[in-house]
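Position 1 is the first residue of the sequence; numbering continues from there. Just so you know, these numbers come straight off a predicted model, no measurement behind them. Hydrogens, waters and symmetry mates play no part in the numbers below; they use all other heavy atoms, side chains included.
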Amino acid sequence: MKNSDVKEIKSLPIKSIGSAAAAMTLAAALLVIPGLTGIGAQQTHALAAKTAVGTVKASGTVLRKSYSTKSKSLGSFAKGKKVKVSYKYYTSLKSTSAKKAWYKLSTGGFIRSDLLSMKYAPVKAYTVASVNMRKGPSTKYGSNGVLRKGASVKIYLLAKAKGESQYWYYLKADGISKGFFVRSDLIKAGAAPKASTPSSSISSGSTGSNVSNSTTQTTGAYITAEGFPASYKTKLAALHKLHPTWRFTPVKTGLNWNQTLSAMTANQGTNTIYSSYAPSYRSTAQGAYNYLANKYTPKDGANFFAASPQATAYYMDPRNWLTESYIFQFESNTYHAYQTEDIVRSVVSGNKVLAKNAKYFVEAGKRYGISPIYLAAKSYSELGSATSMIDGTYKGYKGYYNAYCIGCSDTASGGAVNGMKYAKKQGWNTLRKAIVNGAAFLKTGYISNRQDSGYLEHFNVRNGLANVGTHVYMTAVYAPASNSTIVYNRYRSYGIMGKNLEFFIPVYNNMPASAAPKPSNSANIDNNNYLKTLKVAAGGKTKTLISSGACNYKSTFTYTVPDGSTSAKLSAVKASSRFVTIHGTGTKTLKKGTNTFQILVYASSGQTRVYKVKLIRNK
């Protein structure tokens, strides 16, 4: 078996699954397959029989001769009766529904799977080859990814599907949330040999033996030589060990981190956040927020608001995204032959119109040298399941199409109509034109503009500081990360993780020692650090610097106190209803001339606003 071969080995023809002869035939047949040391059917049955026990859920549960409610009854069981189960039989190759599966008892007969509650004593085992993690016990079920050779698993139950001769295991593995199915001859009981035990269960499409000792030992030197700062090193080393065929190339922007962040957040409409995100992700700057009413100003439609500087920093800091699933935002958007129509269709499967027309993304990719998966992910990220812009029915623009929402400028009322105006102007009167010609726009406008990755499309940091915060394709600040997971899931499902992939990762000058922190996900925490009122009392008079009657976004105030005032009292009331702390109020001693005091207001998120109060004493 080649290292890159992650498909199950072809099923062996066994006519019966119930006889000892059939079990022996299967076991013997397995032994002659070159390169396999998997267990045979006899051992498989022994494992399953001792590990699976079912409890009857209701009295009168019928034991059938075969796996059908029309099959002859062999008797019934009382509620609470415990029975040993040999394996689970699936009557459908499309569904794993409990009503379409039956448990075969060790003593004979079948009980429908929804009528038993199961308990297992899982058996430790490992994979003897790289295998697909199937959703059901057949190659006709979809795959949730690939498990590498030597991965540790736990056997829960033996399984078989209608019309299939091969037994499968229902398994679970550390770090993988869902159970899955793998052919029983590709699993061996016991602990994996130490030499082939990988650092992670998820496969790169290569066997663990591809990670040589020399590669592991030189990973640190490799990354340092490539020019990545020390703060990138740990995560990149882990990825390099997990995927030795991947290459990480630094993109030295030459930009100062703080200056770049300031430029990126200068325009509130450049970075937006959806309404479902917690308040800490939202900006409270003037024009984005009314701090007295606790209302945010929409920037695109009714549900996208300006992102906070903290959220923008979090998504802009490359070090937050050096993980197996999020690193794909740094992959170059160039065409590769393995980016097939099947993969593209899976990317847009949630949109029925795009799924039917997946071939046009491949056509566009080949024509312009662009990744069709990138194009499909971009289209789906823009449209979701909505079809009005791609089915020719958009009101006022019937017969026109816009697959990437090109021209959909952000407005409070939504920019889709602007996109349809653009489509009509371009003459995109078929979906094919919208997809293929739209790809030409992306090639010319972004990829050729040194914005050739998902990250760079949003964070335009390769064209000088003056261009940072401009020429942003998708204003949703989380778009690069979100699109990255789409690509990752498809690459993983189709066994592409072991390809020679290259990632171009930006590096900034004077970066903080640690990556920008993630904003709070609590609905009870926000960035409101404004004062509702601010007053100065001196010489028997009170001056209101901030009134509760209207929002006041100023942070510096000057007041001349009455002559002879030797002290002044500063008092303030917070604007937020949440937990806020205020420091710097109280009675202050005044000297002649200008006296400057600071009042610090800490929002519930910890973000600080500094108010400066200059009190002038003339006499």
Backbone N/O of Ser567 and side chain of Thr589: donor-acceptor pair under 3.5 Å |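 Checked: no pair found.
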With sequence neighbours excluded, give me every salt bridge (Lys or Arg N to Asp or Glu O under 4.0 Å) pair touching residues 266-294.
->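 Not a single pair qualifies under salt bridge (Lys or Arg N to Asp or Glu O under 4.0 Å).
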Qualifying salt bridge (Lys or Arg N to Asp or Glu O under 4.0 Å) pairs, either residue in residues 473-490, two or more places apart =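 The answer is none; no pair qualifies.
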Crowded around Tyr326 OH? As in, over 12 foreign heavy atoms under 6.0 Å?
->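 Incorrect, the count does not exceed 12.
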Please say whether more than 12 non-hydrogen atoms of neighbouring residues, nucleotides or ligands are located less than 6.0 Å from NZ in Lys424.
->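 Not more than 12 within 6.0 Å, no.
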Fit a plane to each ring of Tyr478 and Phe304, take the angle between them on a 0 to 90° scale, and name the class: parallel (under 30°), tilted (30 to 60°) or perpendicular (over 60°).
->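 Parallel, since the angle between the ring planes stays under 30°.
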Would you say Tyr374 and Val487 make side-chain contact, with heavy atoms under 4.5 Å?
->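 Contact flag for Tyr374/Val487 side chains = no.
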Tell me, do Phe504 and Ser332 make a side-chain contact under 4.5 Å, heavy atoms counted?
->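 Heavy-atom side-chain distance check passes, below 4.5 Å.
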If you compare all heavy atoms of [X] against all heavy atoms of [Y], which two are closest, and at what distance to 0.1 Å?
X	Y	answer
Met497	Arg492	CG-CA, 3.7 Å
Ser484	Ile327	OG-N, 3.8 Å
Ser605	Asn527	OG-OD1, 2.7 Å
Leu456	Val461	CD2-CG2, 3.8 Å
Arg578	Ala523	NH2-O, 3.0 Å
Asp317	Ala515	OD2-CA, 3.3 Å

Partner of Leu322 by side chain to side chain contact (heavy atoms under 4.5 Å, CB included), out of Phe503, Phe330, Phe248, Phe228 =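 Output: one option passes, namely Phe330.
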Would you please indicate yes or no on a ring centroid separation below 6.0 angstrom for Tyr553 and Tyr530?
->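 So the answer is yes for these two rings.
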Going by atom types alone, do Asn402 and Tyr394 pair a side-chain donor with an acceptor below 3.5 Å?
->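 Judged by distance alone, the side chains do not pair up.
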Would Val468 and Asn460 count as a side-chain contact (heavy atoms from CB on, under 4.5 Å) if you check the C-alpha gap in whole Å, the side-chain angles of each, and the deciding distance to 0.1 Å?
-> CA-CA 5 Å; Val468 173; Asn460 182 14; over 6 Å; no
Which of these passes ring-ring contact (aromatic ring centres under 6.0 Å, His included) with Trp321: Phe328, Phe459, Tyr315, Tyr455?
->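 Exactly one pass, corresponding to Tyr315.
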